[in-house]
Every structure is written in C-alpha cells, then in structure tokens.
Amino acid sequence: QVQLVESGGGLVQPGGSLRLSCTASGSIFTTYTMGWYRQAPGQQRELVATIRNSGSTNYADSVKGRFTISRDNAKNTVTLQMNSLKPEDTAVYYCNAATWITSRIDYWGQGTQVTVSS
C-alpha cells in the first residue's frame, strides 16, 4: 500500500508559477507510475501528466509546454512544475501512483487546491 501527500497548492495570478510536490510512503516507490490529475468543480477528474519508472513522461495537450513532471526516487517524491498558469488550470490537483498486478491499482492523495485568478 502507498500513501501519498501533496503540497504546494495555493493562489497564483495568471502567468504565474507553482510547484506541486507529492511524497509517497509504503511500497517500493520506484515500481510505480506516478502522475498528477486534476478536477475542477462540476468536471470529471482528468489526467495532467504521468511519469514512468523509466522516466518516460506523458502530458495532457492542455498543459504541454507549460507543465513539467519529474520524480526523485531517492526522496520518494514526484513534482509538478506549473508555469504560465491560466485560469482554466484552477482545480484540485491529485497525486497518483499506479501499479499493475492482476489489474491496475491506483492510489490517490487527498488533493491540493490550485487557484489561478487575478
């Protein structure tokens, strides 16, 4: 079992930056695909970015070129650097850890609020 704790959310003006961090504890961190998802009010949770154990990354088209996901396996952390933030980025951001045994298993953090507003 993996426990995830996010930090770094807050209020930022359009065009600004925020850095979200997620610290994992529990099972071997390096075997998990890590990711960030977000959910705006009235919307479904959507994928923002993922990073595999190999370092391979995947981004939603809406954030490509603005957000960067990274991981530090030694520290059991995954980070989302968000630049050029837009009001549309306002959402609760959730850290995710995924692994596969017989089927996909997901672990989630409680979420951290990101609000982009002037």
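The first residue in the sequence is number 1, and the count goes up from there. FYI, side chains are in, hydrogens and waters are out, and symmetry mates aren't considered; it's all heavy atoms of this structure.
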Inset, instruction - Indicate, with yes or no, if Y37 and I51 share a hydrophobic cluster defined by side-chain heavy-atom contacts under 4.5 Å among Ile, Leu, Val, Met, Phe, Trp and Tyr. - result: no

Inset, instruction - Please name the residue in the list V63, T115, V12 that meets the side-chain contact (heavy atoms from CB on, under 4.5 Å) test with L85. - result: V12

Inset, instruction - For Y59 and I69, indicate whether the former's side chain and the latter's backbone hold a donor-acceptor pair under 3.5 Å. - result: yes

Inset, instruction - Please round to the nearest 0.5 Å and tell me the distance separating atom CG of N96 and atom OG1 of T50. - result: 9.0 Å

Legend entry - Hydrophobic cluster identity match, L20 and Y94, side-chain contacts under 4.5 Å: no

Legend entry - Over 12 non-hydrogen atoms of neighbours within 6.0 angstrom of CD in Q13: no

Inset, instruction - Answer yes or no: is there an ion pair linking K64 with D61, defined by an N-O contact shorter than 4.0 Å? - result: yes

Legend entry - Close side-chain approach of Y93 to E6, heavy-atom, < 4.5 Å: no

Legend entry - Beyond-backbone contact of S25 with N76, side-chain heavy atoms, under 4.5 angstrom: no

Inset, instruction - Measure across S84 and D89 and return the closest heavy-atom pair with its distance rounded to 0.1 Å. - result: O-OD2, 4.5 Å

Legend entry - Shortest non-hydrogen separation from Q81 to S17 and the atoms involved: NE2-CB, 4.0 Å

Inset, instruction - Indicate if Y107 and V92 have the same hydrophobic cluster label, given that clusters are the connected sets of ILVMFWY residues with side-chain heavy-atom separations under 4.5 angstrom. - result: no

Legend entry - Value rounded to 0.5 Å, distance of CD in E88 from OG in S62: 9.0 Å

Legend entry - Between CZ on residue R19 and CG on residue N83, distance to nearest 0.5 Å: 10.5 Å

Legend entry - Value rounded to 0.5 Å, distance of CZ in R45 from CH2 in W108: 5.0 Å

Inset, instruction - Determine whether L47 and N58 make a side-chain contact, defined as any pair of heavy atoms from C-beta on separated by less than 4.5 Å. - result: yes

Legend entry - Flag side-chain contact, heavy atom, 4.5 Å: W36 against V78: yes

Inset, instruction - Return the minimal non-hydrogen interatomic distance between S21 and T79, and the atom names on each side. - result: OG-OG1, 3.9 Å

Legend entry - Side-chain heavy-atom pair S117, T90 within 4.5 angstrom cut-off: no

Legend entry - Atom of V116, atom of K86 and distance for their closest heavy-atom approach: CB-O, 3.2 Å

Inset, instruction - For residues L80 and M82, determine if any side-chain heavy atom of one lies less than 4.5 Å from a side-chain heavy atom of the other. - result: yes

Legend entry - R71 side-chain N/O to R52 backbone N/O, donor-acceptor pair under 3.5 Å: yes

Legend entry - For V2 against A97, the heavy-atom pair lying closest together: CG1-CB, 4.4 Å

Legend entry - Closest heavy-atom pair and its distance - S118, P14: N-CD, 3.7 Å

